[in-house]
Every structure is written in C-alpha cells, then in structure tokens.
Amino acid sequence: MPELPDVEGFRRVLAEHGQGRRIERLRVLDEGVLREVSPRKLAAALEGRRFAEPGRLGKWLIGRTDGPAVLLHFGMTGGLVWHPEPAERHRHDRVVFQLDDGELCYRDMRKLQGLRLADGDAEVDRFLAGEGPDALTMGRRQLAELLDGSRKQLKALLSDQSAVAGLGNLTIDEILWRARLHPTRRADGLSGDETKNLYSQMRWVLRESVRAARVPDGPSWLTGHRERPGEPCPRCGTPLSKGRRAGRGTVWCSRCQPPEGP
DNA sequence: CGTGTTGTTCAGTT
DNA sequence: TAACTGAACAACAC
C-alpha cells in the first residue's frame, strides 16, 4: 500500500492526532522493526516528548518532536493507525505511541522496513540525504533535466527513490498509462511534448491520490484493473498487458503505450 | 507445495 | 561506468 499518497495520509493522521500531544509511553511490541536503535533507547528518547509538526519526504514520514525525531518507513504493508483510548491490539501492531488522549500504532504485516531515531534536524537530513526531490513538489524543469540525464527505462528511473522520491509501482504504472508512455521507453528518448505531458500526468495522479490517501482504483483508473487477467484498458478496451519490467509487476496498454512512442 | 506481492538493498552480470 | 538481474528480507493470500 504505502506509496507517497498513503504516507501523506499517515502524515495527516500524525498531524491531527499527534501534533502537540505528549508521548506518555512508547511500547515496542516487536523490536524487529527498529533500525539501529534499541527499544530502551527509543523509549528513553521519545517518552515525555511532544510531537511537533510532522514532515514527509518521499515514502518517509518524519515524526518530529520537541526533542529527537522518529523516522518511519512503511515498506509494502505498513500503516499508522489512530485509536482514541482503549483498543485491542492488532496482530501486526509493532510499535505503539501512547499519548495522553489515545494511541498511534505503527502496524505492519511484513517487516521489510521500520523505525529509526534521529537526534535532530541535522541527523534527519543525513538519513534522508540519499532521497531525490519529492515527487509532489518537483518542478517541471527538474523532471525534464532528470529524464534528459538518464538512459534508464522510464519505469526503472521513476522507481529510483534517489532520482524522484515517493513514486511506487502502482503510481508509476498509472502515470505512464495516462501519459501514454511505454514503461521501457528510454528516459532521455522522450520528445518535449511527451516530457511535459508526463509531468502534468504525474501532478494530476498525485493530486488525486493524495486526496484519497491512496492510488484510487475506480473504473477509470488503471490501478483498479491490475489483478483480474485479460481486463480491458479503461480507455480503449484493448486487453491490458502484464509482465515484469524493471523487476516489478507492471501493467500497461499495448495500444495506448506503444514501445517506441507515437 | 508452489507462486506472487504497493519496498529497499546488495551482489553479480552485461 | 551505467544499467540491468535476481535474490534476500518477512508474512501472508491463493
């Protein structure tokens, strides 16, 4: 689930329910999600602190406090869930922030990623130094320069978090489908118009997805047609193509997205 | 008992 | 060098 739009949703959860609140107690239910920090150290660093305004870069949620910050990454199956007051433990709750008026649960079935502790803004910056510009605020020229400087396939380049931060498998397929670009087109092989169009489709898909806190899967979205085999393209009716591109399960329309462009 | 998965990383190959 | 491939991580669903 968690791509930029989902994480933006988690950021809103943290802003609404965490910001200004005191962390009374930190419970680590599964230390398998802690990265380079022990449960004791994390608890000592965060208990008694108040959450400040949360941030986000790409798929990273930045939980700032009046002291250190906690960085959260949600892998493929994670989420941040708010419970006002008592709630039964979900099987996959891994870390619980007990606040004065409820609790925030870091929940994740698989434990591919997790939580890190950053001592301050400088260390947050250091941890996130490898991330590219955030896809939501990236400029048109910035994207054009990125494309021009790479010979990678579009899907591979857009999946690379050090090139653009926040796009995931679903978002990328959706954007490329709307921009009518084949996933394996070379990044530096796009025309000026194609580049402009890619940018505007990226903006539109992200805007709509952030609003829904997920990539929508309605009838007019490619995302809703990934699973069932042989589904028709929502735009032209051609059966959708599926396969592995850039190492990821990829869906595209062979008619709308010809391999060599128009 | 196989296969696949909305993410990332690393070793190895082209 | 840059780009690409496959495996690994963990916990499921089918």
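Here is the naming used below: chain letters follow the sequence lines, and residue numbers restart at 1 for every chain. Quick caveat: nothing in here was measured; it's all calculated off a predicted structure.
- Considering only side-chain N and O atoms, A:Arg91 lies under 4.0 angstrom from the phosphate OP1 or OP2 of C:dC12.
- A:Arg151 comes within 4.0 angstrom of the backbone, heavy atoms only, and of no base.
- Taking atom CZ on A:Arg186 and atom P on C:dA2, their separation rounds to 14 Å, with Å as the unit.
- Residue A:Gln153 has no polar side-chain atom (N or O) positioned under 4.0 Å from OP1 or OP2 of C:dA3.
- Atom CZ in A:Phe10 sits roughly 12 Å away from atom P in B:dG7 (whole-Å rounding).
- Atom pair A:Glu227:CD and B:dT3:P shows a separation of 18 Å (rounding to whole Å applied).
- Remark: the separation of the P atoms in B:dT8 and C:dT1 is 26 Å, to the nearest Å.
- Between the CZ atom of A:Phe74 and the P atom of B:dT8 there is a distance of 13 Å, given to the nearest Å.
- Between A:Arg248 and B:dG7, a side-chain N or O to OP1/OP2 separation shorter than 4.0 Å is present.
- For A:Asp6 and A:Lys59, the salt-bridge test fails: no basic side-chain N is under 4.0 Å from an acidic carboxylate O.
- When the P atom of C:dA3 is taken as reference, atom CG of A:Leu158 falls 14 Å away, rounded to whole Å.
- Between A:Lys111 and B:dG7 there is no side-chain N or O to OP1 or OP2 distance below 4.0 Å.
- When each of B:dT5, C:dA3, B:dT8 is scored by its nearest atom to the side-chain atoms of A:Gln161, the top-ranked nucleotide is B:dT8.
- Here the side chain of A:Arg203 pairs a donor or acceptor atom with the backbone of A:Leu136 at under 3.5 angstrom.
- Ring geometry for A:Trp204 against A:Trp221 counts as parallel: the plane angle stays under 30°, on a 0 to 90° scale with 60° as the upper cut.
- Backbone-only engagement by A:Gly75 is indicated by non-hydrogen atom pairs under 4.0 Å involving sugar-phosphate atoms exclusively.
- Nucleotide B:dT8 holds its C1' atom 13 Å from the CG atom of A:Asn169, rounded to whole Å.
- Considering only side-chain N and O atoms, A:Lys152 lies nowhere under 4.0 angstrom from the phosphate OP1 or OP2 of C:dC4.
- When each of B:dT8, C:dC9, C:dA11 is scored by its nearest atom to the side-chain atoms of A:His73, the top-ranked nucleotide is B:dT8.
- At the heavy-atom level, A:Arg245 lies nowhere under 4.0 Å from the strands shown.
- Using cut-offs of 30° and 60° for the angle between ring planes, the A:His17 and A:Trp82 rings count as parallel.
- Regarding A:Met76, its CE atom lies at a distance of 6 Å from the C1' atom of B:dG7, rounded to whole Å.
- Atom P of nucleotide B:dT8 and atom CG of A:Leu71 are separated by 14 Å, given to the nearest angstrom.
- Salt-bridge check for A:Arg116 with A:Glu123: failed, with every basic side-chain N at 4.0 Å or more from each acidic carboxylate O.
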